[in-house]
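Below you'll find the structure, written out as structure tokens, and then a few comments.
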Amino acid sequence: MLNIIKKSIMSALEEMIAEGFFTDLTEAPEPLLSQPRTRGFGDLSTNICMKLGRSQRKNPGDIALVLSKKLSDCEVLEKSEVAAPGFVNLFIKKSCWAALLKEILNKGDEYGRLTLGEHKKVQVEFVSANPTGPLHIGHGRGAAVGDAISSILAWAGYDVTKEFYINDMGRQIEVLGRSVYLRACELQGKTIQMPEDSYHGEYIKDVAREFISEKGSAFMDMREAEAVDIFKEYASETLLRGIRKDLEAFHVEFDVWFSEKSLYEKDLVKKAMDELKKRGFIYEEEGAVWFKSTAFGDDKDRVLIKADGARTYFASDIAYHGDKLDRGFTQIINVWGADHHGYEARVRAFIEAMGREKDALKVVFIQLVALLREGEPVAMGKRSGEFVTLRQVMEEVGSDAARFFFLTRKSDAHLDFDLELAKKQTPENPVFYVQYCFARIQSIFEFAKEKGFTAPEKFEAPDLECLNLDEEIEIIKHLANFESVIEKSAVGLEPHRVTFYLMELAGLFHPYYNKNRVVTEDRGLTEARLLLLKGAGTVTAIGLKLLGISAPEKM
RNA sequence: GCGCCUGUAGCUCAGUCGGAUAGAGCAACUGCCUUCUAAGCAGUGGGCCGGGGGUUCGAAUCCCUCCAGGCGCACCA
């Protein structure tokens with residue numbers, strides 16, 4: 001329908017051009033249609049005349065008058081009006097809404113699915129937490145956002161792979177192994193001194209305890225270095241298992257768990273560096289090997305191999321991203337914590353050095369979550385030992401509420417998560433408002449069934465024309481917007497648009513429900529309203545599913 | 001010092017490729033359950049959109065500048 005109107009406007013403008021109305025316009029521009037806030041301004045409105053007024057040096061009002069007159073024969077329009085200083089307000093024929101609802105219902109559970117992505121292979125990497133401790137609330141935000149982005153992209157027609165990158169080697173793992181080892185020694189009655197840079201969390205002791213009950217105390221007789229090797233393997237595997245479990249409870253599933261270690265096992269680090277060398281972006285200086293990332297706008301060149309011969313973390317990173325490219329992804333999306341934003345330029349430099357377009361890589365930054373308890377900041381950080389895990393949050397407020405909460409903010413906005421507040425809010429949490437919309441609709445269906453009514457499988461658009469209340473048309477209009485919300489959300493990688501869309505839909509439904517009875521003596525009207533509810537319920541369920549939130553039949 | 005993000009109602013946040021009277025939730029106050037779920041609805045109050053300048057028919061939105069907060073600026077991971 002939007003397209004019909006756009007075309008009408010454009011052909012009207014073409015006519016005006018042919019009639020010599022404009023002095024130096026050769027082609028009609030595509031008009032922008034927007035929904036006015038107030039109903040008096042029509043169902044849709046365009047500002048095209050003001051735009052043209054400027055470029056053509058004509059009075060916008062004059063253009064609008066002519067345009068409006070020419071639109072009078074558009075078949076979907078009731079009328080069009082001109083408003084100062086040059087808006088054209090469009091009023092759509094009531095019968096069109098019925099046709100629109102029919103279209104939506106015909107698509108059913110597939111409504112909102114787009115072909116936008118053209119099956120292009122997209123990889124979304126998110127969470128990628130070090131297996132050195134349980135997931136905390138910041139990871140939860142990344143998980144919720146990354147998962148929702150993936151679902152939305154898939155719904156928009158992309159071929160999506162969800163991936164978790166495991167930093168299962170390097171210094172942090174070394175520190176982890178030593179920390180657990182020392183705690184294990186302590187459990188065996190030895191007095192120990194935890195170095196400054198150890199992990200101090202309580203969970204370290206748990207892992208140590210587990211290790212002993214599983215593997216015994218033979219490690220006490222080993223040399224420290226030897227024992228630490230065993231411990232770091234054991235600890236990182238144990239903690240990774242915990243991470244997987246937490247994500248499972250949070251309803252996040254990954255397609256690929258990619259191990260950093262495997263990059264070395266498959267010699268991919270060397271491969272990536274050789275490739276860079278071949279392309280002339282590698283040089284040696286002061287005993288280190290550098291990547292000339294400044295050639296692509298990075299602030300400084302980056303070291304890949306240190307003077308002591310060790311590879312940097314960034315060396316793993318380019319190998320990993322090289323592998324992403326080799327696997328045929330045309331679009332790479334990294335969901336990173338905002339504290340990583342310094343890495344964007346260098347990774348992008350690598351992508352460009354490999355001959356790809358700059359925007360083959362998109363990075364979504366997740367601002368850190370400030371965790372509060374009754375307004376007081378809670379200290380975070382694995383080292384300090386005191387932190388609130390994602391699991392604790394899920395247990396306190398539930399997975400649905402936590403996910404919804406994360407997805408009601410755009411990801412680059414700071415987020416205060418007050419645990420006490422989140423708990424207190426639970427009964428009035430907006431997530432329930434949306435879920436309630438779905439549950440209520442299901443319950444009305446139950447009731448209708450008892451009374452002998454169902455939403456008919458077969459119907460024609462005119463059967464729906466009795467849905468002529470303002471509230472009903474508003475709901476249909478909103479349902480019709482769903483596709484464009486998916487599109488914007490997919491293009492901008494902004495899942496929060498879907499969240500707000502669902503709150504708005506629920507905000508239209510609940511008052512409608514309260515004011516009007518669905519099931520009445522009037523069979524035609526009852527069935528039409530059941531169909532309207534079917535549309536609203538279906539869209540709510542689809543939206544919630546994209547966000548990874550359940551749609552309960554009963555509440 | 002440089003770079004990125006943020007500043008909108010008492011609180012938490014939407015709205016930002018310029019549009020008409022700036023929105024939602026929470027909190028506060030007043031009403032509504034013999035009728036499809038009251039996790040709901042109806043209503044009230046609440047705003048120099050951080051400050052100042054500029055661009056124009058029109059600015060929360062674009063440009064400049066200043067202020068405040070967060071995060072980055074390693075041969076660390």
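Below, all heavy atoms of this structure are taken into account, side chains as well, without hydrogens, waters or symmetry copies. So you know, we letter chains A, B, ... as the sequences are listed, proteins then strands, and number each from 1.
The phosphate of B/rU21 (OP1 or OP2) has no side-chain N or O of A/R37 nearer than 4.0 angstrom. Listed pair A/R440 / B/rA38 meets the phosphate criterion, a side-chain N or O lying under 4.0 Å from OP1 or OP2. Phosphate contact (OP1/OP2 of B/rC57, side-chain N/O of A/K51, threshold under 4.0 Å): absent. The phosphate of B/rC13 has neither OP1 nor OP2 within less than 4.0 Å of any side-chain N or O from A/H496.
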Atom pairs under 3.5 Å, N or O on each side, protein against nucleotides 1-5 of chain B: can you list them with distances?
residue: B/rG3; atom: N2; partner: A/H341; partner atom: NE2; Å: 2.5
residue: B/rC5; atom: O2'; partner: A/Q367; partner atom: NE2; Å: 3.3
residue: B/rC5; atom: O2'; partner: A/D412; partner atom: O; Å: 2.7

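In summary, the aromatic rings of A/F41 and A/F87 are positioned with their centroids too far apart to meet the 6.0 Å limit.
Of the residues in residues 505-538 of chain A, those lying under 4.0 Å from RNA chain B by heavy-atom distance are A/H510, A/P511, A/Y513, A/N514, A/N516, A/R517, A/V518, A/V519.
Below the 3.5 angstrom threshold, one finds a donor paired with an acceptor across the side chain of A/S45 and the base of B/rA20. A donor-acceptor contact under 3.5 Å is formed by the side chain of A/N47 with the base of B/rG19. No hydrogens or angles were tested; on distance alone, nothing pairs the side chain of A/K410 with the base of B/rU6 as donor and acceptor under 3.5 Å. Judged by atom type and distance alone, A/E286 reaches the base of B/rC75 through a side-chain donor-acceptor pair under 3.5 Å. Taking 3.5 Å as the limit, the base of B/rG58 and the side chain of A/R54 contain a donor-acceptor pair of atoms between them.
Geometrically, A/K58 engages A/F21 in a cation-pi contact defined by less than 6.0 Å to the ring centre and at most 45° from the axis.
A stacking contact between A/Y433 and B/rG25 is absent: the pair does not combine a ring-centre distance of less than 5.5 Å to the base's six-membered ring with planes differing by less than 30°. The aromatic ring of A/F87 is stacked on the base of B/rA20, with the two ring centres less than 5.5 Å apart and the planes inclined by under 30°.
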RNA chain B in dot-bracket, Watson-Crick or G-U pairs under 3.5 Å, [ ] crossing, | other strand?
(((((((..((((.....[...)))).(((((.......))))).....(((((..]....))))))))))))....
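The gap from the P atom of B/rG19 to that of B/rG15 amounts to 13 Å, rounded to the nearest Å. Comparing B/rC17 with B/rG40, their P atoms are spaced 32 Å from each other, to the whole Å. Separation of the C1' atoms belonging to B/rG1 and B/rG18 is 35 Å when rounded to the nearest angstrom. Look at the P atom in both B/rC5 and B/rA14: the space between them is 15 Å, to the nearest Å. For B/rG45 and B/rG50, the C1' atoms lie 25 Å apart once the distance is rounded to whole Å. Across the P atoms, B/rC49 and B/rG7 are found 14 Å apart, a figure rounded to whole Å.
With hydrogens and angles disregarded, no donor-acceptor distance shorter than 3.5 Å links the side chain of A/S68 to the backbone of A/L65. Within the 3.5 Å criterion, the main-chain N or O of A/K300 finds a donor-acceptor partner in the side chain of A/S293. Checking side-chain atoms of A/S262 against main-chain N and O of A/E265 turns up no donor-acceptor pair under 3.5 Å.
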Worked verdict on A/K477 versus A/E474 for salt bridge (Lys or Arg N to Asp or Glu O under 4.0 Å):
CA-CA 5 Å; A/K477 220 190 273 185; A/E474 286 305 312; 3.4 Å; yes
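Atoms CZ (A/F406) and P (B/rA14) sit 14 Å apart, rounded to a whole Å.
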